There are 2 protein chains.
Amino acid sequence: MPVTARREREKQQRYEDIVDAAEIIFNENGFANTSMDEIARAAQLSRALLYVYFKDKAAIMRAVMLKAMQAMEARFANAFTAEEAGMKQIKGIGCAYYAFSVEESDYFDMLTELNTFPDPEEPDLVAEGMLRCRQNLDGMMVQALENGIKDGSLNPEHIGDPLITAYILQGSLHGVIMSTRKPKNPNVAQVDSEMLVKRAIDMMCYAMAA
Amino acid sequence: MPVTARREREKQQRYEDIVDAAEIIFNENGFANTSMDEIARAAQLSRALLYVYFKDKAAIMRAVMLKAMQAMEARFANAFTAEEAGMKQIKGIGCAYYAFSVEESDYFDMLTELNTFPDPEEPDLVAEGMLRCRQNLDGMMVQALENGIKDGSLNPEHIGDPLITAYILQGSLHGVIMSTRKPKNPNVAQVDSEMLVKRAIDMMCYAMAA
DNA sequence: ACAATTATTGACAGTTTGTCAGTTATTGAC
DNA sequence: GTCAATAACTGACAAACTGTCAATAATTGT
């Protein structure tokens, strides 16, 4: 009689209901302009119940951010397995990052916010999930770089420590895409952002090519 | 009888008092955890008076962000004028950016936040100042790139449209530095961030070199 | 001296937050 | 089926914060 198990499943379901509802509202109004009341209404629950499942609004936000990271991880994995050669894998991951930023732009923006978002007071399951996700992302990049060194498509001299290079690639690509997303600078708004990002990817690849 | 002028100066002074006080509190507690009351107390003014000078808390934040941009602009200008050759100017600006992120890290973090910060409902003097600042930044980068093409230190084929390349350089460098600043990823925390950033600069320069 | 203008503030109404005592629903034992 | 125990859920409260406005205080020119 797995009654405990069913309870557990229902609890999990409520949790996801809340996160799914919050995701919509956050994307509509932004984190700061969203109240717990709105989330509760969207999830058809009482506001007080939200506090049973989450410490506060920021904790809900982090749960949504984890979803965003996992969505990106899936795209990275697709791009990674679609190619054999290291250079092509790197380029593929770069393009996947850009596609992600266009096709799941809300998630991309959440990952941008994550950079300035406060960490939880005490690590929880969400933080743990984020960490695993990050490690997977890093792992794929490192693997691709090592592949490229082995298969001769990348220059080991230019890459040095693959982990460091992976950080550089991720950071710079995120920065470039980010700078084209909310164009407070009217000049940037006018440029073709796809071309710009592709050029950035090409520059990095050129700098690493054998 | 420049009594009006003195009034104007005093008004300007109050304005700056508020911004200076807010800057400290924001950096201590973060924007979200700062109340108008705290700012008012720090500036030794009544809370209501803040609303005479600023529409709301976000407007004060934007004023601080403008200061941050101007601080960075000054560093860019120093680096730019310190060199003659285009390549050296670009590299110098890159290093200045990193130095800025270390020596004025609070300002750097504010500029990171600026990416996800809401724009004012209606453009004001602060927004105008930011725009000018951005144009100056872009202008210096473009100038340096054009210098490099003229003096043969940079490869025009690899640069293409200097403005596009300027955006790429700024975006990617900001992204790389940002990714090393709040290391939610414990691995990143362990790496030598100066080395990492310098390597990123070298990669970009290598990709543009003649 | 005083009317007019400008600067400043106290205090109010409206939101939102986090909590907790209390209510309702579900379960397993008998 | 009944009922005590446990779990799920909620109404309602105190505290904090926001933005505004009428009222007060200070400064100016006449």
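Here is how names work: the chains are called A, B, and so on, in the same order as the sequence lines, proteins then strands, and each is numbered from 1. For clarity, every value in this text was computed on a predicted model and none was experimentally measured. Computed over heavy atoms, backbone and side chain alike; hydrogens, waters and symmetry mates excluded.
The side-chain hydrogen bond (donor to acceptor under 3.5 Å, both in side chains) contacts involving residues 48-60 of chain B comprise nothing, where partners must be two or more places apart or lie in separate chains. Note on residues 108-126 of chain B: pairs passing salt bridge (Lys or Arg N to Asp or Glu O under 4.0 Å), not counting sequence neighbours, are A:K184-B:D119, B:D109-B:R181.
The minimum heavy-atom distance between A:V142 and A:A166, with the atom names listed, is CG2-CB, 4.3 Å. Between A:A21 and A:I39, the shortest heavy-atom contact is CB-O, 4.2 Å.
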Which atom pairs, one a donor and one an acceptor, fall under 3.5 Å between side chains of residues 125-135 of chain B and the rest of the protein, sequence neighbours left out?
none

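Legend: residues meeting side-chain hydrogen bond (donor to acceptor under 3.5 Å, both in side chains) with B:Y107, ordered by chain and number and at least two apart, are B:E23. Remark: A:E73 engages A:N136 in a side-chain hydrogen bond (donor to acceptor under 3.5 Å, both in side chains) (not counting sequence neighbours). In terms of the side chain to side chain contact (heavy atoms under 4.5 Å, CB included) criterion, B:N78 has no residue partners (sequence neighbours excluded). In this structure, the ring pair (Phe, Tyr, Trp, His ring centres under 6.0 Å) partners of A:F117, at least two apart in sequence or on a different chain, are A:F31. Not counting sequence neighbours, the partners of B:Y97 by the ring pair (Phe, Tyr, Trp, His ring centres under 6.0 Å) test are B:F76, B:H174.
Axis angle across the helix from C:dA1-D:dT30 to C:dC30-D:dG1, with five pairs used at each end and values rounded to 10°: 10°.
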(message) Pair A:L154, A:E146 - check side chain to side chain contact (heavy atoms under 4.5 Å, CB included), show working.
(response) CA-CA 9 Å; A:L154 297 174; A:E146 285 176 349; over 6 Å; no

(request) Would you sort out whether A:K91 and A:E83 count as a salt bridge (Lys or Arg N to Asp or Glu O under 4.0 Å), showing the intermediate values? (result) CA-CA 10 Å; A:K91 200 158 200 162; A:E83 297 287 348; over 6 Å; no

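Across the protein-nucleic acid pair, B:E10 atom CD and C:dA7 atom P stand 9 Å apart, rounded to whole Å. As a whole-Å value, the separation of A:F54 CZ from C:dT17 P is 15 Å.
Against DNA chain D, the stretch residues 16-32 of chain A makes no heavy-atom approach under 4.0 Å.
Of the possible donor and acceptor atoms, one in the side chain of A:R62 sits under 3.5 Å from a partner among the backbone N and O of A:P118.
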What are the atom names and distances for every N/O pair under 3.5 Å that joins the protein to nucleotides 16-20 of chain D?
residue : atom : partner : partner atom : Å
D:dT18  : OP1  : B:M36   : N            : 3.4
D:dT18  : OP2  : B:M36   : N            : 3.1
D:dG19  : OP2  : B:Y51   : OH           : 2.6
D:dG19  : N7   : B:R47   : NH1          : 3.1
D:dG19  : N7   : B:R47   : NH2          : 3.4
D:dG19  : O6   : B:R47   : NH2          : 2.5

Polar atom pairs between nucleotides 5-8 of chain D and protein, under 3.5 Å, N or O only, would you list them?
residue : atom : partner : partner atom : Å
D:dA7   : O3'  : A:R7    : NH1          : 3.2

